[in-house]
S.K.: 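Please find one structure pasted underneath; my questions will follow.
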Amino acid sequence: MSLLTSTKTPTPQPNSLNAWVAAAEAALDAAGAAIRPHFRVGLSADDKSDESPVTVADRRAEEVLREHLLASFPDFGIIGEEFPAHRPDAKYTWVIDPIDGTRAFITGRTTFCTLLGLLEDGVPVLGFIDQPVTGERWIGGRGVPACFKGNFGGQIGTRQNITLAEAELSSTAPEMFTPEQAARFARLQVAAKRVYWGGDAYGYGLLALGQIDVVAECSLKLWDWAALAPVVEASGGVVTDWAGQPLRLGAAGDVLASANPALHTAALAALR
């Protein structure tokens, strides 16, 4: 499949889009209210089976999101990080990461985010990136123009004329790469202007604002990327796996996001 082609799904109707966005924003507002009291209070964390940390804030935020979304859309499915899936084979499925970047959260950093995506037939079509402490929120998807709300400045839109040699590259942590993936990333790093480590999902929000130009990561779960792809794409960017294939339910978890199609092609070539 060509880099610039993707699996086509029906475009949701405007009335549905408005209802989806309004309900999602209300749910995110409620989840943020559940998260903020736990921030920078010396919260303890448990280790899950994959050794990633989880806190009471993660669990409560997901519970709140599920309650609100099920009340508004009882026929939709829900897949979340912390609790069992609800109707995961539904045509429309919400995907929740209540706190992406739990390590950042428990160490008092504001780079964690709440992620909410919507799948249509397994394909991400709507996404929300929410930072409940700083009050920043990114929205975008098919039929939903990219939007950024925040008090720290920034205009939505990726850098359309940037080349790989000029690009700001970002990734969360080198530990996410296997040795083979690390070697591939190293080639991309050499080709880019410079690399920054850290940031989790917040880096994709910065890409949507034109602050970062390429994000390359591996070992991501569905809830890590389902919200990110629609936001970045609505902002003018491109998101695929490392082979240039569109992301959808069942994808392996290697993600490449770039500010524009030509940059994405160059980044894929470096990774190969």
Side-chain angles (χ1 to χ4, degrees), residues 1-9 11 95 97 100 111 113 115-119 123-131 136-150 153-172 185 188-189 191-196 199-218 220 222 224-248 251 253-271:
M1 185 178 292
S2 167
L3 168 63
L4 299 183
T5 61
S6 62
T7 303
K8 298 296 183 182
T9 59
T11 301
V95 181
D97 191 343
D100 179 271
T111 53
C113 297
L115 302 180
L116 179 60
L118 182 65
L119 304 182
V123 177
V125 295
L126 180 62
F128 302 80
I129 305 172
D130 190 68
Q131 214 309 319
E136 296 170 285
R137 181 175 294 170
W138 291 259
I139 305 170
R142 292 185 185 174
V144 179
C147 171
F148 172 67
K149 305 175 182 181
Q155 295 293 321
I156 201 73
T158 61
R159 297 206 287 178
Q160 290 300 302
N161 298 316
I162 202 74
T163 67
L164 185 54
E166 302 167 318
E168 306 289 353
L169 170 64
S170 181
S171 189
T172 295
F185 183 87
L188 178 60
Q189 180 178 345
K193 184 175 182 179
R194 54 184 153 237
V195 64
Y196 300 89
D200 300 291
Y202 195 79
Y204 295 81
L206 294 177
L207 192 154
L209 296 181
Q211 302 296 128
I212 289 172
D213 303 300
V214 182
V215 182
E217 301 189 313
C218 289
L220 301 188
L222 171 65
D224 293 319
W225 57 257
L228 306 178
V231 171
V232 171
E233 290 168 352
S235 303
V238 182
V239 184
T240 68
D241 66 15
W242 282 23
Q245 299 301 309
L247 298 178
R248 59 173 300 125
D254 51 331
V255 174
L256 177 68
S258 307
N260 61 69
L263 176 60
H264 199 76
T265 298
L268 282 172
L271 286 173

S.K.: Find the distance between CD1 (Ile162) and NZ (Lys193) and round it off to the nearest 0.5 Å.
M.R.: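 One finds 7.5 Å between CD1 of Ile162 and NZ of Lys193.
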
S.K.: Between atom OH of Tyr202 and atom SG of Cys113, what is the distance when rounded to the nearest 0.5 Å?
M.R.: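 That separation rounds to 7.5 Å.
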
S.K.: Would you say the side-chain atoms of Gln160 pair up with the backbone N or O of Ala259, donor to acceptor, closer than 3.5 Å?
M.R.: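 Yes.
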
S.K.: Taking all heavy atoms of Val215 and all of Leu207, pick out the closest pair and write down the distance.
M.R.: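 Smallest interatomic distance, heavy atoms only, reads CG2-CD1, 3.8 Å.
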
S.K.: Can you tell me how far the CD atom of Gln211 sits from the CD atom of Gln155, to the nearest 0.5 Å?
M.R.: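 Atom-to-atom, Gln211:CD and Gln155:CD are 10.5 Å apart.
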
S.K.: How far apart are the closest heavy atoms of Asp97 and Asp100, and which atoms are they?
M.R.: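 Nearest heavy atoms, Asp97 then Asp100: OD2-OD2, 3.1 Å.
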
S.K.: Applying side-chain contact (heavy atoms from CB on, under 4.5 Å), run through Leu247 and Trp225 and close with a yes or a no.
M.R.: CA-CA 9 Å; Leu247 298 178; Trp225 57 257; 3.7 Å; yes

S.K.: Could you tell me the separation between the OH atom of Tyr204 and the CG atom of Asp224, rounded to the nearest 0.5 Å?
M.R.: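 If we round to the nearest 0.5 Å, Tyr204:OH and Asp224:CG are 8.5 Å apart.
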
S.K.: Leu209 versus Ile156: any side-chain heavy-atom pair under 4.5 Å?
M.R.: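 Side chain of Leu209 against side chain of Ile156, heavy atoms only: contact under 4.5 Å found.
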
S.K.: Side chains of Ile129 and Leu115: closer than 4.5 Å at any heavy-atom pair?
M.R.: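 Yes, their side chains come closer than 4.5 Å.
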
S.K.: Between Ala216 and Leu188, which heavy-atom pair has the shortest distance, and what is it?
M.R.: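 That closest heavy-atom pairing would be CB-CD2, 3.8 Å.
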
S.K.: Closest approach of Val255 and Val239, non-hydrogen atoms and distance?
M.R.: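 Result for this residue pair: CG1-CG1, 4.0 Å.
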
S.K.: Test side-chain contact (heavy atoms from CB on, under 4.5 Å) on Asn161 and Glu166 and set out the steps.
M.R.: CA-CA 10 Å; Asn161 298 316; Glu166 302 167 318; over 6 Å; no

S.K.: Do Arg142 and Val123 make a side-chain contact, defined as non-hydrogen atoms from C-beta onward lying under 4.5 Å apart?
M.R.: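 They are in side-chain contact.
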
S.K.: Let me confirm one number: the OG-CD1 distance from Ser258 to Ile212, rounded to the nearest 0.5 Å.
M.R.: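 If I round to the nearest 0.5 Å, the distance is 12.0 Å.
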
S.K.: Would you name the heavy atoms of Ala257 and Val232 that are closest together and state the gap between them?
M.R.: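 Heavy atoms of Ala257 and Val232 come nearest at CB-CG1, 4.5 Å.
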
S.K.: Donor-acceptor check, side chain of Asn260 to backbone of Arg159, threshold 3.5 angstrom: yes or no?
M.R.: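 Between the backbone of Arg159 and the side chain of Asn260 there is a qualifying donor-acceptor contact (under 3.5 Å).
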
S.K.: Drop me the distance from Asp213's CG to Glu168's CD, to the nearest 0.5 angstrom.
M.R.: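 Nearest 0.5 Å value for the CG-CD distance: 6.0 Å.
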
S.K.: Can you tell me how the ring of Trp138 sits relative to the ring of Phe148, calling it parallel under 30°, perpendicular over 60° and tilted otherwise?
M.R.: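 Plane angle between 30° and 60°, so tilted.
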
S.K.: Check the pair Asp130, Leu116 against side-chain contact (heavy atoms from CB on, under 4.5 Å), reporting the backbone distance first and the verdict last.
M.R.: CA-CA 8 Å; Asp130 190 68; Leu116 179 60; over 6 Å; no

S.K.: Please walk me through it: do Leu256 and Asp241 pass side-chain contact (heavy atoms from CB on, under 4.5 Å)?
M.R.: CA-CA 6 Å; Leu256 177 68; Asp241 66 15; over 6 Å; no

S.K.: Minimum heavy-atom separation for Leu164 to Ala266, with atom names?
M.R.: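 Reported closest heavy-atom pair: CD2-O, 3.8 Å.
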
